[in-house]
Amino acid sequence: QVQFVESGGDLVQPGGSLILSCAASGNFFKNYIMGWYRQTPGNERELVARITADGTPTYADSVNGRFIISRIAGKNILTLQMNSLKPEDTASYYCNIFPPIQTHIFPWGQGTQVTVTS
């Protein structure tokens, strides 16, 4: 199985910024659309942003203009620059391929917690 390890989550104030990182085993990033997802208690995971193999990003309306998803060339690393954070951004953030349907090969990692509060 591929292993995803998310990091960078923290407790921040509204309006603050964070950079999340996702490291993965294997050599597959260049062949897959990658995505950042988030989940809050009682809700399903939702797609926050995705990026194609050629680097074209797409964002959920809720984060468009505030977040930036990036690939690090030559490495299995995915990042999410989060700016102008809002309390509603509070969630556990995960990375995976898009769509995340091959969970037997690409299981969810532990995620990284982002908490936005005063």
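Just so you know, these numbers use all the heavy atoms, side chains as well, and skip hydrogens, waters and symmetry mates.
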Tell me if a side-chain donor or acceptor on [X] pairs with a main-chain N or O of [Y] at a distance below 3.5 Å.
{"X": "Thr79", "Y": "Leu20", "value": "no"}
{"X": "Thr112", "Y": "Glu6", "value": "no"}
{"X": "Trp36", "Y": "Cys22", "value": "no"}
{"X": "Thr52", "Y": "Thr56", "value": "yes"}
{"X": "Tyr37", "Y": "Ser92", "value": "no"}
{"X": "Asn96", "Y": "Phe106", "value": "yes"}

Indicate the atoms forming the closest heavy-atom contact of [X] with [Y], along with that distance.
{"X": "Arg71", "Y": "Ile33", "value": "NH2-CA, 3.7 Å"}
{"X": "Pro100", "Y": "Trp108", "value": "CB-CZ2, 3.5 Å"}
{"X": "Ser25", "Y": "Gln3", "value": "OG-N, 2.9 Å"}
{"X": "Thr117", "Y": "Leu11", "value": "CG2-CD1, 3.4 Å"}
{"X": "Val114", "Y": "Gly9", "value": "CG2-CA, 4.1 Å"}
{"X": "Cys95", "Y": "Leu78", "value": "CB-CD2, 4.1 Å"}

Distance, nearest 0.5 Å, that separates [atom1] of [X] from [atom2] of [Y]:
{"X": "Ile105", "Y": "Ile97", "atom1": "CD1", "atom2": "CD1", "value": "7.5 Å"}
{"X": "Leu80", "Y": "Ser21", "atom1": "CG", "atom2": "OG", "value": "10.5 Å"}
{"X": "Ile69", "Y": "Met34", "atom1": "CD1", "atom2": "CE", "value": "8.0 Å"}
{"X": "Leu18", "Y": "Asp89", "atom1": "CG", "atom2": "CG", "value": "10.0 Å"}
{"X": "Leu85", "Y": "Met82", "atom1": "CG", "atom2": "CE", "value": "5.0 Å"}

| Path from Val48 to Phe98 over hydrophobic side-chain contacts below 4.5 Å |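 As far as the 4.5 Å side-chain criterion goes, Phe98 and Val48 are not connected within one cluster.
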
| task | Indicate if Val116 and Tyr59 have the same hydrophobic cluster label, given that clusters are the connected sets of ILVMFWY residues with side-chain heavy-atom separations under 4.5 angstrom. | result |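 Cluster IDs for Val116 and Tyr59 match.
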
| task | Answer yes or no: is there a side-chain heavy-atom contact under 4.5 Å between Ser62 and Asn64? | result |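 No, side chains not in contact.
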
| Below 4.5 Å, heavy atoms only, C-beta onward: do His104 and Gln1 meet side chain to side chain? |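 Of all side-chain heavy-atom pairs linking Gln1 with His104, none is under 4.5 Å.
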
| message | Cation-pi check for Tyr94 against Arg38: NZ or CZ below 6.0 Å from the six-membered ring centre and within 45 degrees of the axis, yes or no? | response |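 Not satisfied by the 6.0 Å and 45° rule.
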
| query | Is the CD atom of Gln113 crowded by more than 12 outside heavy atoms at less than 6.0 Å? | reply |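 For Gln113, atom CD is crowded (more than 12 foreign heavy atoms under 6.0 Å).
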
| query | How are the rings of Tyr93 and Phe67 set to each other: parallel, tilted or perpendicular (split at 30° and 60°)? | reply |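 Correct class here is tilted.
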
| request: Given side chain to side chain contact (heavy atoms under 4.5 Å, CB included), test Arg66 with Ser84 step by step and report yes or no. | output: CA-CA 6 Å; Arg66 299 188 297 118; Ser84 301; 4.0 Å; yes

| request: Step by step, work out the side chain to side chain contact (heavy atoms under 4.5 Å, CB included) result for Val12 and Ser17. | output: CA-CA 7 Å; Val12 297; Ser17 298; over 6 Å; no

